[in-house]
K.L.:
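Would you mind keeping the following structure in view while I ask a few things?
Chain letters run A, B, ... following the sequence lines, proteins first, then strands; residues in each count from 1. Just so it is clear, the structure is predicted and the values come from calculations on it, not from any experiment.
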Amino acid sequence: MTSSQFSFKKIGLRLARPDIIFWITPLLIILLIVGTIAQKELGIYAAQEKYFSSFFFLLGIIPFPGGLTLMAIFSVNLLAKFIFKSDWSWKKSGTIISHFGVLVLVIGGLLSFATSREGYLVVPQGETRSNIEDYHERQLVIREGDKIIIAIPHENLKNGLKFAPPQIPFTLTLDKFCFNCGVSKRDPKEAEGWTVPGQFMQLNVKASDPQDEKNMTGIEFSVSGTPDNQDGKYLTFDKFPKPPQIKTDKATYTVSIERATRPLPFSVTLNEFEQDFHPGTSMASAFKSKVTVTDGNTKWPALIEMNEPLRYRGYTLYQSSFDMSGEKPFTVLAVVENKGRIFPYIATIIITIGLMIHLVIRLREKKTSNANNN
Amino acid sequence: MPTIIRLFLIVFCCLLSSASKAETISAPPFDLSEFKSLPVLHDGRVKPLDTLARIELLRFSKKDSYEGQPAIKWLAETLFDPSEAPNQKIFVIANAQTRHLMGLEERKKPLYSFVELSPGLEKTAPMLEDLMAIPAKQQTEDQKDLLRVHENALEYTFLLRSFSSLLPLNIQLPATWQKRAGLLPESPVTYLALKKIEPDIEAEVKTIIKHKGQNPEKYSSDEQATAMLGWQLQTIGKVGENNTLLRVIPLEDQSDWASPWELINDGKATPATRKFIESWGAIALAWQTGNSADWQSAIKTLRSDITEKMGKDSIISKKLDIEDLYNTLSPFTTSIFIFAASMALSFLYLASRNALLRRISLVALLAALSIQTLGLGIRIFLMERPPVGTLYESLLFVALIAPLVGYATELKLKNGLALTAAGISGALIGLLAMSMAGEDDTMKMLGAVLNTRFWLTTHVLCITIGYGWCLITSVMAHLLLAGRANQKISGETESQLLRTISNLALFSLLFTAVGTILGGIWADQSWGRFWGWDPKENGALLIVLWLVWLIHGKLAGQISENIWLGGMALLSVAVATAWIGVNLLGVGLHSYGFIEGVFWGLGAFTLFEIGLVSTFVYKLSHPKDGASHA
């Protein structure tokens, strides 16, 4: 055995010691409690980002390891234990199998963390959609005609931001940015220089909603240097039906706040949205979207309902929400891509088998020892 | 006009109208045994009237009986004697701020009648619109309570007016109208009987107003009677709008039922519904006239008509019979007493070591377990799903699992300790369930996300079995700690118990870990992500981590046996936090509902447990005689 092999094994054995999990677990418990309580104020998404998807965070003034750090140490400890310290005997087979199951679960979690992407598809009845909207990412989009020429993620938007890229014939200055905006009436004395609807309304910064998708992101901005004297103050916000346009004799530029989108490699048409109720109540017993999936020249009908998603080409489409208040009902389908989704299913089976073998061996051992004693 | 204000006006119309009811004979000694079994469609399920009576009375008064009388008697009085019933003190107003706002007098027991509440309801009605504009999560307890009182009052008026179309009216019907309605002099004058001539009466009233104006003093006595009749019919009809609470009339479509008012207002009446309406009219009349024979006969006719419609062997008929039995048995209240009796006997056995006491205790435990199983079995049959859809239901289920594991353990150990643990866990969890019955014991239908038998059977059953296993482990650890601290346990029993607790902990880990992961898989199926750090998921993970920490801490030699035992005893706190505590946060996707007012109870329990276990562990670590346990 070479000295490098020796030291490698030595390190491995040290990393495999159960005292590591013993000290890591209370930290995980504290993290879990703090991160869960914080959801009351921050909402699930923000709390998840701050506590569970981070390496470190401040607990008051004390730096505390985040979920990623603790899970990394936990995974290393588990892997080292599995490789260097497993007692490969029948007696310990249950323990080894259940530890392996946890390892599969952790690897799946890592893969999901790295690869999963979530979004949603809003499809009005009778219409077809193939663009996934992001729950969290907003962007400032400038279009020339229908073509997107500039897209700035919301993280880069801030008050006072001024830009005049060569694609647009004017300068745009961001006067106010709010990730979650409230709307109120503008004092008529302050209406000068504003275009409609900014003459009558103004955006106010509001605290972010814990449910990120509910935040209404908006901007107030000034335009200067337009060739056809369209300088002025404008405002727009997420889902605003008529975003402001700056027209020149050559083109029309539309400035809007939009959810970041990405294409779905197939399209979904909502044929009908159905809601079933428990008899004599207004309590829904099921929500169903009857859709047609179109992929190239192939078309087929599919039913998406609660607990019964549609899986196709690595995408899973779930019944997430709906709206039947307007003229046309529309369905909201959550769209998830996750390369690690099979891992929990496998891990559950492995852990169950492992723990059951462990228990059976223990109980049989006890029986044997009792028999020997007698 | 905002809906709530409109509804509030209906409440007062109702009061006004009920004041005009005929004098009735109070509390006739009727047999209610057949009446209570009559079916009604309520909250998505056909159930006996007795169940509806209990649910409604529980909602108003937090009790399922009124002044020692069964809920069904209260319901009959409310339905058939709506002029007297509003004087019954059934509304519990526990919130002092609500009492103050409504101008209610302070009482030893804060119970009030609808008549007493009415001025307060009128006084606070203008506040409702603003209160309802506040999102539910931002409403204070006081605000929620005031809204709840108004909602209850509205529900009560619907109940009170359910049969107002069939009850005899206190009206002197002019002879011309009596003739036109085709009524004999001895026939009861009801809204339904006059409904067909209502358009004629309306037209007549319009003619009178056209010729003589709005002042009734200028009318002849016949014209006055006609105007009064028109106004009364209009008022009663208004009160009946949207009254769909008591759906007692089966329709053509077997799954659909209608309330008497729906038949009138929504055009659901058919020749087939006529006999049901007539039977209900006869029942109402029999009550009002105090005719016991007619009462029995009308109910029998109605029952036989419904049975004929449903089919004698239909699943609904069977369910009605079984639910009747369930209501009569009250299995979960009964089992608490027997669990408690078993626990008391096991304590006596531990003190005296009289083998007969242990045997009786075991029999009692088996009886309690059988009754608990029967109750849960009936609920499964009635709901057609696993009995773990709500927090209350999961408590009932754990009140079976924990003592069942205790029973099985006792059969192995034969030392009375697991028997005691089983009795303690059965009685305490049963009591906890009983304290939450008011919120949840309605066998309600589940929302769309939870409406899945597969995941309720796998994830929820698995995790609740895990809770049960954890709790029995905790109780056993308490007993061992107490026995050790007081030096009441022999060395052999002690090592036997340590091994048992160790095995129980492994089973707990198996069920909670697998249940937690299955929950993740359900989330993957429903919401598209395996793990979302939802409070309920985190709660379940907390128990798993706690067990992993204790098991590995002992293996690594990092914690002493006493600390390990103390940790196992504190599994109760971990389970309470995961199971009930996370609901306090009011966030997350799970539907158990956010329970207000348990914060202090949970806090006190946690402090008590930590104090108790710490005392035991300290005592064991600092023995007076110098002999320390491991």
Side-chain angles (χ1 to χ4, degrees), chain A residues 17-19 21-23 25-26 28-29 32-33 35-37 39-40 43-44 47-48 51-52 67 105 108-109 112 116 118 210 276-281 283-287 305-309 316 318 320 334-336 338 340-341 343-345 347-348 351-352 355-356 358-359 362-363 366, chain B residues 41-46 244 247 255-258 444-449 451-452 454-455 499 502-503 506-507 509-510 513-514 517-518 520-522 524-535 538-539 541-542 545-546 548-549 552-553 555-559 577 582 585-589:
Chain A
R17 276 169 56 171
D19 56 349
I21 193 171
F22 176 78
W23 289 109
T25 312
L28 268 171
I29 290 174
L32 205 60
I33 292 170
T36 307
I37 292 172
Q39 290 180 15
K40 176 89 179 162
I44 292 181
Q48 186 177 333
Y51 297 99
F52 304 118
L105 191 65
S112 293
S116 74
E118 293 181 8
D276 295 344
F277 294 95
H278 290 296
T281 70
M283 184 192 242
S285 59
F287 304 112
E305 59 182 312
M306 215 52 108
N307 297 312
E308 296 290 340
T316 313
Y318 304 86
S320 166
V335 184
V336 180
N338 178 8
R341 67 174 297 271
F343 282 75
Y345 294 78
T348 312
I351 293 171
T352 310
L355 282 173
M356 286 177 85
H358 183 60
L359 274 163
R362 265 184 77 105
L363 294 174
K366 195 190 150 204
Chain B
L41 174 67
H42 178 250
D43 275 351
R45 193 168 68 78
V46 177
T244 58
R247 290 191 161 109
S255 66
D256 203 8
W257 294 58
K444 61 186 179 188
M445 308 311 283
L446 297 177
V449 170
N451 202 14
T452 152
F454 177 77
W455 291 110
R499 267 201 312 276
S502 197
N503 284 338
L506 277 174
F507 273 107
L509 182 63
L510 170 70
V514 173
I517 303 172
L518 283 173
I521 292 175
W522 184 5
D524 179 56
Q525 293 285 333
S526 296
W527 300 305
R529 86 290 181 280
F530 170 70
W531 195 260
W533 302 103
D534 177 272
N538 293 352
L541 183 61
L542 178 75
L545 287 176
W546 186 251
V548 165
W549 182 64
H552 287 84
L555 276 176
Q558 296 283 345
I559 50 175
T577 308
V582 290
L585 289 171
V587 289
L589 296 162

K.L.:
Would you compute the distance between atom CZ of A:Arg341 and atom CD1 of B:Ile521 and round it to the nearest 0.5 angstrom?
P.N.:
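Reported to 0.5 Å precision, the distance equals 9.5 Å.
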K.L.:
Which distance, rounded to the nearest 0.5 Å, do you find between the CG of A:Leu32 and the CH2 of B:Trp533?
P.N.:
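So the CG of A:Leu32 and the CH2 of B:Trp533 are separated by 6.5 Å.
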K.L.:
Between A:Thr352 and B:Leu510, what is the shortest heavy-atom contact and its length?
P.N.:
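Distance-wise, the nearest heavy atoms are O-CD1, 4.1 Å.
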K.L.:
Is it the side chain or the backbone of A:Ser320 that comes within 4.5 Å of chain B heavy atoms, both, or neither?
P.N.:
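Neither part.
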K.L.:
Quick one: which of A:Trp23, A:Tyr345, A:Phe343 has the most heavy-atom pairs under 4.5 Å with chain B, could you say?
P.N.:
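Ranked by contacts with chain B, first place is A:Tyr345.
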K.L.:
Could you state the interatomic distance from CD1 (B:Ile517) to CG (A:Leu105), rounded to the nearest 0.5 Å?
P.N.:
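Result: 5.0 Å between the selected atoms.
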K.L.:
Given B:Ile559 and A:Phe22, is the side-chain contact (heavy atoms from CB on, under 4.5 Å) satisfied, shown in steps?
P.N.:
CA-CA 9 Å; B:Ile559 50 175; A:Phe22 176 78; 3.6 Å; yes
K.L.:
Report yes if the side chains of A:Thr25 and B:His552 come closer than 4.5 Å at any heavy-atom pair, otherwise no.
P.N.:
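The answer is no, as the side chains (C-beta and beyond) never meet within the 4.5 Å cut-off.
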K.L.:
In terms of heavy-atom proximity below 4.5 Å to chain A, should B:Leu555 be classed as side chain, backbone, both, or neither?
P.N.:
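Neither part.
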K.L.:
Which atoms form the tightest heavy-atom contact between B:Arg499 and A:Arg362, and what is the distance?
P.N.:
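Reported closest heavy-atom pair: O-NH2, 4.3 Å.
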K.L.:
Tell me every residue that passes salt bridge (charged side-chain N to carboxylate O under 4.0 Å, His left out) with A:Asp19, counting only those two or more places apart in sequence or in another chain.
P.N.:
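Once residues adjacent in sequence are excluded, the partners of A:Asp19 under the salt bridge (charged side-chain N to carboxylate O under 4.0 Å, His left out) criterion are A:Arg14, A:Arg17.
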K.L.:
Against chain B, label A:Leu359 side chain, backbone, both or neither, depending on which of its atoms sit under 4.5 Å from a heavy atom there.
P.N.:
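For A:Leu359, the side chain is the part near chain B, not the backbone.
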K.L.:
Could you grab the distance from atom OG1 of B:Thr577 to atom CD1 of A:Ile33, nearest 0.5 Å is fine?
P.N.:
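These two atoms lie 7.5 Å from each other.
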K.L.:
Please round to the nearest 0.5 Å and tell me the distance separating atom CZ of A:Phe52 and atom CG of B:Asn538.
P.N.:
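Result: 5.0 Å between the selected atoms.
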K.L.:
If the condition is ring pair (Phe, Tyr, Trp, His ring centres under 6.0 Å), which residues does A:His358 pass it with, not counting sequence neighbours?
P.N.:
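A:His358 satisfies ring pair (Phe, Tyr, Trp, His ring centres under 6.0 Å) with no other residue.
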